[in-house]
Number of protein chains: 2
Amino acid sequence: MQERHRPTIIDVARAADVGPSTVSRHVRGSKSVSPKVAERIERAIAALGYQPNAVARSLRIGRTQTLGLLFPHVNNVFYGHAMRTIQDEARLSGFTVMLLTHQEDARQQQEQLASLKRAQVDGVILLPAAGTNAAQVRILMGNTPVVAFDRTLDKAIDSVVLDNYRAGWEATEHLLSHGHSHIVAVNPAYKLQPLQSLQDRVHGYTEAMKSAGKSPRTILWQDADQLREDLRTALHRPGPASAILSLSYSVTLAILSALQEIPFDLHNVGLIGIDDMEFSSFIHPPLTTLAQPAEELARRAVQQLLRRTANTSDEPKGGFMEKAVHVKLPGTLILRASCGCRMAAASGQPQPIPSSQVGRSGAHREPPRNSPRR
Amino acid sequence: MQERHRPTIIDVARAADVGPSTVSRHVRGSKSVSPKVAERIERAIAALGYQPNAVARSLRIGRTQTLGLLFPHVNNVFYGHAMRTIQDEARLSGFTVMLLTHQEDARQQQEQLASLKRAQVDGVILLPAAGTNAAQVRILMGNTPVVAFDRTLDKAIDSVVLDNYRAGWEATEHLLSHGHSHIVAVNPAYKLQPLQSLQDRVHGYTEAMKSAGKSPRTILWQDADQLREDLRTALHRPGPASAILSLSYSVTLAILSALQEIPFDLHNVGLIGIDDMEFSSFIHPPLTTLAQPAEELARRAVQQLLRRTANTSDEPKGGFMEKAVHVKLPGTLILRASCGCRMAAASGQPQPIPSSQVGRSGAHREPPRNSPRR
DNA sequence: CTGTTAGCGCGTTCAC
DNA sequence: GTGAACGCGCTAACAG
């Protein structure tokens, strides 16, 4: 014999012998309810097992207290870590998070965005697929706030990203400081428009090389076979590359695979990957990486989004919405052995150092104050 | 000058000069709307950029067309893969998915479940935290269908899991077939009640060892230091262990760390991990694993859940709800080098074989037909 | 401090 | 085939 019908606020009101609005006030924590009444309500709630219907509440107040999260996928420590922090941070402000993935596909991304829009989320944190049309996103989302995460989208849309130029610069600097002079960078070859973030990393690399008087060389990764061959020649030709800079997570994976097939022992070449991996320390030698400040990025993104949602519910009269804000945070070099820091490996523990300090150490030059072109 | 107010069905009705209910019928694909009227409505929708309000609709029809997904976290290939498939599968039936994480914490899990309940999801796929009280879950969720994924919860709650007993058995068998006779299994030491799935794997291991006339030995992993020392003694004592069976993803990670610190070269010991890892092939030697059939598990879970939601909206009179169904699927041994299959390693490509075939190959004995105790 | 009333946007009878 | 009216569960005015 189970109850046919979820108890509503009215059932509770009846049971506690009060008006529905009093129950409503109480459950939302208003202090203007007398202790004795509060007590009765409390008991009624417990007795009936009442739980407020968030759907009805949302319809009434016009907000869902839900944030949409649209990521490419989740098989990446950084994504997972960011997602978790976003969830925690959102919960602190009473928001829940709805996570969707678009698999790096712009079409799927639009679909998912539409479904977030229909679900009336109060805002979305978007890690945009390559080739995303920012204008389309804006049109589709109307006045639902969007903040771009990890990859910028448009100068009109808030963003929170790694300082990619600096990341490229600093990783390169570190390799140079180990005496490597032939450093080759590996970048994905995107069919459509390339990712700005990756471009920036390349640019950081290029500038660091140039200002050290070395000539930059980039390998584009299109498929496994081609990458393997390109790496083979780069590593075996006269005046061979002595170090590799991997510009992204997926590229690092590809490089590792390729090296294994050549086969070429990682011990004979320097390697730094931008973006840390869960298993960086299990590679031989353990991989030095430039890790993104996941928590901090996540927190900033949520904060920015919540700021917008607060304004959105306002009338957009007078001041309207402020200009877009673009947050750019430095990464952290995690020194393991693959860059040439053998001592770090021997000591057992990797030595994370904020990359913002790297630039100040004697061995490194400061990168230019501002990343070029916005 | 932007529109103050999202267009509603009434705005569309006015613009098309019809009644709201006609618009409603049309948008939901009813055929009983004359072509000319349909045309007018279509135009009005496009002109206003109307999008149905899912919140209002949900309130009205009492369903949200949303499935809740509650996972421990997402930093695990299997989880990520499963999550993605669940999303795809759900979308095929017009459902969207809301993903939350509980960080292996029963308390957080309850909170998240409550929030799913409040959000009125039509069903939830739960990968339960260790120490979950099944009764509590049932009470909290009321008649919202729940299916346990990857870990069983209770015989009254639907579940879709790997055949863990068989997995333990087959992984052990494979090690035995390489001539290893001192095989040690490593299992996490849970503070609270242990996970049934892990118990089953241990049991499979134990039985396989016994029926081969060997004596099973299990190491419990409590913390890094203790594990390292236990492994050290197991590997160095007279009559040393020649192979290790890791019973879960996180344990494999711990073992890898420990081995690195001992230090002990993986080439001198056989190792199989239950649950595949993204980077299994980058370990030296590449790691043989027993992978879970993520897509199939995911699909089955969604199907089972949707079957329940269909019945739930029914009146629970007559037949009421059928008995819980428990799906158990075999895993797949992915042969790389760490188990002793050197040839597989040399050929470059790992050789996945359905574990259901393993038992039939000459070198292996059949596991008992049914897993013991339910 | 508390109860009454009127919608939020939509789907669904039920008449026409 | 089509429109009018009611209500899903809750909150935000208002009265009192």
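In what follows, every heavy atom counts, from backbone to side chain, and hydrogens, waters and symmetry copies are set aside. Keep in mind that this is a model prediction, so the values were computed, not measured. So that the names make sense, note that chain A is the first sequence line, chain B the second, and so on, each numbered from 1.
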For chain B and DNA chain D, what are the first and last nucleotides along the strand, 5' to 3', with at least one atom under 4.0 angstrom from a heavy atom of the protein chain? D/dG1 to D/dG9

Just how far is it from atom CZ of B/Arg57 to atom OG1 of B/Thr64, taken to the nearest 0.5 Å? 11.5 Å

When you compare the side chains of B/Gln304 and B/Arg307, does any donor N or O come within less than 3.5 Å of an acceptor on the partner? yes

Under a 4.0 Å threshold between the charged nitrogen and the carboxylate oxygen, would A/Arg299 count as salt-bridged to A/Glu296? yes

Could you state the CD1-C1' distance from A/Ile10 to C/dT5, rounded to the nearest angstrom? 12 Å

Rounded to whole Å, the CD-P distance (A/Glu39 to C/dT2) equals 14 Å

Determine the contact category for A/Val37: base if any of its heavy atoms lies under 4.0 Å from a base atom, sugar-phosphate if only primed atoms, P, OP1 or OP2 are that close, otherwise nothing. sugar-phosphate

Contact string for nucleotides 11-16 of chain C, one letter per nucleotide 5' to 3', B = base within protein heavy-atom range under 4.0 Å, S = sugar-phosphate only, - = neither, reads BB----

For the atom pair CD1 (A/Ile139) and CD (A/Gln110), what is the distance rounded to the nearest 0.5 Å? 9.5 Å

Judged by each residue's nearest nucleotide on DNA chain D, which is more toward the 5′ side, B/Ser34 or B/Leu59? B/Ser34

Which of B/Asp154, B/Val124, B/Thr132 passes side-chain contact (heavy atoms from CB on, under 4.5 Å) with B/Val137? Answer is B/Thr132

Position toward the 5' end of DNA chain D (nearest nucleotide), B/Lys36 or A/Gln51: B/Lys36

Can you name the one residue among A/Lys323, A/Arg300, A/Arg308 that meets salt bridge (charged side-chain N to carboxylate O under 4.0 Å, His left out) with A/Asp158? A/Arg308

I'd like to know if B/Glu104 pairs up with B/Arg151 as an ion pair, taking the criterion as any Lys NZ or Arg NE/NH1/NH2 lying under 4.0 Å from an Asp or Glu carboxylate oxygen. yes

Quickly work out the B/Gln65 CD to C/dC10 P distance and round it to whole Å. 16 Å

Parallel, tilted or perpendicular: which fits the ring planes of A/Phe71 and A/Tyr79, with parallel below 30° and perpendicular above 60°? perpendicular

